[in-house]
Colleague: 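Okay, handing you the structure first.
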Amino acid sequence: MVNGLALMSEQDVSQAAWIVTLPDHEATENFARRLAEELKAGDLVTLSGGLGAGKTTFARALVRTLANDPELEVPSPTFTLMQVYDGLACPIVHADFYRLSGGYELVELGWEEITENAITLVEWPERAEEALNPEHLDIRLDMAPGGRGRIAMLTGTGAFASRLQRIKAFRNLVDRCGWSDAARLPMQSDASVIRSYERLVKPNGETALLMISPPRPVGPPVRRGKPYTTIAKLAETVHAFVAMDKGLRALGFSAPYIYGEDLDTGLLLIEDLGAEPVIDENGPIPERYAEATRLLVKLHSTELPQVLPVSDDIEHAIPAYDLEAMLIEVELLADWYVPHIIGTQLSGSARAEFVNTWTDTLGEILAGPVTWTLRDFHSPNLIWMGEREGLQRVGLIDFQDATLGSPAYDVASLLQDARVTVPADLELKLIGLYARDRKALDPDFDVSAFARAYAIMAAQRATKILGIFARLDRRDGKPHYLKHLPRIEAYLARNLAHPALAKLKVWYETYLPRLIPLEDEAPPSV
C-alpha cells in the first residue's frame, strides 16, 4: 500500500467506533487526507487528546485537503478561537475551544450561522460540548505505548455512526483489493435515492467503480402491512446485484466483474465498463439497439435458474413479478401523476375500476412464459464496448431489481425507452428481429401472443413511469424528469390502441382523455 495507509492496523470496538494505529507523522497526515474525502457541508468533526498527541498535524492536513491547497497556512486557532477557510465544496471552520469557559460564549461568535453550511473541525471540544451538535464524528488522538506513533479512536454518534462504519468498510475494501491509492471522482446519480457511484482512478490511469448501496430503509406499510419496496419487489440489499451479476456473467454477458465487496454495508468495487452509450445526438444507434435486442433473444431462449448464489453461504431467490407488484406500480399513476401533473384526484370508483381493469388485463401476462426480467434494460444502463465481440459488446448495469416475469417487459423497456425517443419504424423493425430470432431458436414461439404481451407490458411500464417521474419531481426534487413525460404519454397512447388493451383504453378515455389522441396511432405489430 502507499501513502502510509498500509501501515495502519485496526480493530472493531463497536458499531460506531474504529481504532487506527498511525505509526508516524506521515501516516497521520495521510489518514487525515483520506478522511477529508468523506466529509460534506454541515459535518462536525471534534478532535480531542492531550498536548502533543497530533491534533495540529491532523487538522492542518485535513484543512489543506478540503481547501485543495497543500501549502495553505493553517495556524493554530488557540488565540483567534476560529479560522474560516474557503473549501472546494463549502467553507471550512477550524476552531479551538481551549480558552472557552462554556458553550454560551459561542453565541457571541455567531457560531451557528458560521458553521451551518460548513465543514467544522473543533479542537478541545469538551470545553463547550453542550453547545455542539450531538451527531458528529469524534477523533481522539493519543500516543501509542512506547511512544511509537499515535492511536486514533474514531467514534460516530447519531447519523455518523453508520457513516463511520461505511468509511471503515471502504478503507478495508480498497486496501484489500489494491485500490487504496486511487483518487475518488463522484458520478452523476440515477433516479435512486439510496444508491450512488464513484469512479476510482489509480495513478496509472486504471479505473474502477465504487457502488454505494446501503441496505434500503424499511418504509411505512402501505398495503397489508408491507412497504412499497417489498410489494414492488425492489432490491433491499446489495445481495441481489451480486447474485444477478454473477448469473449474467456465467451466461457470457458483459456485467461488471466484482473486485471486492462488503455485503453488510453495501459497498462493491466493480469493473468500470466505460461510458460509451448506445445512443448519440440523433437518438438510438440502430446497430447497437439491434445487438441489445439479440442479447434479450439469447437470455429469453436460455433455461435460467430461479435461485442464484451471493456468497458461499448466501443465496438470492429471484422474486416473481407478480400481480401485486405490477398493480402497485401502475397505481403510481393515480398516486402521483394524476394529482401532480393533471391537477385532479380520481374518485374511489374510478380508481377501483382502474385496478380491476388492469387486473383482468394482466391475467394474460401472469399465465404466459417467464424469464429473468431485468426491469431497467434501457439506454442509461447499456454501455457499448466496441473492443469486445458479439453480444459482449453490450455492457449491462443496474439489474438489482430483476424479477421472474414476462419476456416482453425488457423488450418494451428497450424499444420504448423513457429517456430517448425510439422512432416507431425502428421499434417495429427490432420487434420483428426479436420475434424472428426467437422463432428460429424455438419453432413453438408464439409471435401473436408475444405481440399482445408486448403491448400490455409496454402500457404497464409507461403507466408506472408517468407516476415515477412525477414522484421524482414532487417528492425528490428532481424536476428534470418531467421533460420526458410527453414521450412516455405518446408511448402509452400508442400501446392503448392495441386490441389487447381495449378495456383499459376506455378507462383512459373516460378519466384521462388528454392521454388519448383524437386519432389513434397504430401500435407496432409483428
Colleague: Would the distance check show the side chain of W336 and the main-chain N or O of D473 forming a donor-acceptor pair, the cut-off being under 3.5 Å?
Modeller: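 Looks like no, no N/O pair under 3.5 Å.
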
Colleague: Under 3.5 Å, is there a donor-acceptor pair between the Y257 and R249 side chains?
Modeller: no

Colleague: What do you reckon, is NZ of K202 surrounded by more than 12 foreign heavy atoms closer than 6.0 Å?
Modeller: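 Yes, enclosed.
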
Colleague: Report yes or no: does D442 contribute a side-chain atom to a donor-acceptor pair with the main-chain N or O of R438 at less than 3.5 Å?
Modeller: no

Colleague: Under 3.5 Å, side chain of Q392 to main-chain N/O of G252, donor-acceptor pair present?
Modeller: yes

Colleague: Do the side-chain N and O atoms of E427 and Y454 include a donor-acceptor pair separated by under 3.5 angstrom?
Modeller: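 Yes - a donor-acceptor pair under 3.5 Å links their side chains.
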
Colleague: When you measure from the centre of the six-membered ring of F253, is the NZ or CZ of K298 closer than 6.0 Å and no more than 45° off the axis?
Modeller: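 Ring-cation test returns yes.
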
Colleague: Could you grab the distance from atom CG of L391 to atom CE of M385, nearest 0.5 Å is fine?
Modeller: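 With rounding to 0.5 Å, CG (L391) is 13.5 Å from CE (M385).
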
Colleague: Quick check: does any side chain N or O of R163 sit under 3.5 Å from a backbone N or O of E38, one acting as donor and the other as acceptor?
Modeller: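 Yes, R163 side chain to E38 backbone: donor-acceptor pair under 3.5 Å.
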
Colleague: If you compare all heavy atoms of C177 against all heavy atoms of Y259, which two are closest, and at what distance to 0.1 Å?
Modeller: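 Here C177 and Y259 meet closest at SG-O, 3.6 Å.
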
Colleague: So if I apply the side-chain contact (heavy atoms from CB on, under 4.5 Å) rule between Q400 and each of R195, E236, H239, which one comes out positive?
Modeller: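 Single pass found, and it is R195.
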
Colleague: Answer yes or no for R375 and Y321: cation-pi contact, defined as NZ/CZ to six-membered ring centre under 6.0 Å and angle to ring axis within 45°.
Modeller: yes

Colleague: Let me confirm one number: the NZ-OH distance from K233 to Y228, rounded to the nearest 0.5 Å.
Modeller: 11.0 Å

Colleague: How many angstroms lie between atom CD1 of I341 and atom CG of L515, to the nearest 0.5 angstrom?
Modeller: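 Spacing of CD1 (I341) from CG (L515) equals 11.0 Å.
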
Colleague: Got more than 12 heavy atoms from elsewhere within 6.0 Å of CD, E389?
Modeller: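 Open.
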
Colleague: Taking the six-membered ring where the residue is Trp, are the ring centres of F450 and Y434 under 6.0 Å apart?
Modeller: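 When the ring centroids of F450 and Y434 are compared, they turn out to be within the sub-6.0 Å range.
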
Colleague: Between V420 and S379, is the side chain to side chain contact (heavy atoms under 4.5 Å, CB included) condition met? List the steps.
Modeller: CA-CA 8 Å; V420 60; S379 61; 3.8 Å; yes

Colleague: How long is the gap from NE2 on H300 to CG on D410, to the nearest 0.5 Å?
Modeller: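 Separation between the atoms: 5.0 Å.
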
Colleague: Got a second to check how far I270's CD1 is from I397's CD1, nearest 0.5 Å?
Modeller: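 Output value for this atom pair is 7.5 Å.
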
Colleague: Determine whether more than 12 heavy atoms belonging to other residues, nucleotides or ligands lie under 6.0 Å from atom NZ of K429.
Modeller: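 No - once you tally the heavy atoms of other residues, nucleotides and ligands closer than 6.0 Å, there are 12 at most.
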
Colleague: Tell me, please, whether Y491 has R419 positioned over its six-membered ring: NZ or CZ under 6.0 Å from the ring centre and within 45 degrees of its axis?
Modeller: no

Colleague: Would you kindly check if the NZ (Lys) or CZ (Arg) of R351 is within the cone defined by 45 degrees around the ring axis of F354 and under 6.0 Å from the six-membered ring centre?
Modeller: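 No; the conditions do not both hold, so R351 does not lie above the ring face of F354.
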
Colleague: Examine the side chains of D401 and T403 and answer whether a donor and an acceptor come within less than 3.5 Å of each other.
Modeller: no

Colleague: Around atom CD of Q306, are there more than 12 heavy atoms from other residues, nucleotides or ligands closer than 6.0 Å?
Modeller: no

Colleague: Could you tell me the separation between the OG atom of S413 and the CD1 atom of I465, rounded to the nearest 0.5 Å?
Modeller: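 Reported to 0.5 Å precision, the distance equals 6.5 Å.
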
Colleague: Check the side chains of Q460 and Y409 for a donor-acceptor pair under 3.5 angstrom, ignoring hydrogens and angles.
Modeller: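 Not at all, the side chains of Y409 and Q460 share no donor-acceptor pair under 3.5 Å.
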
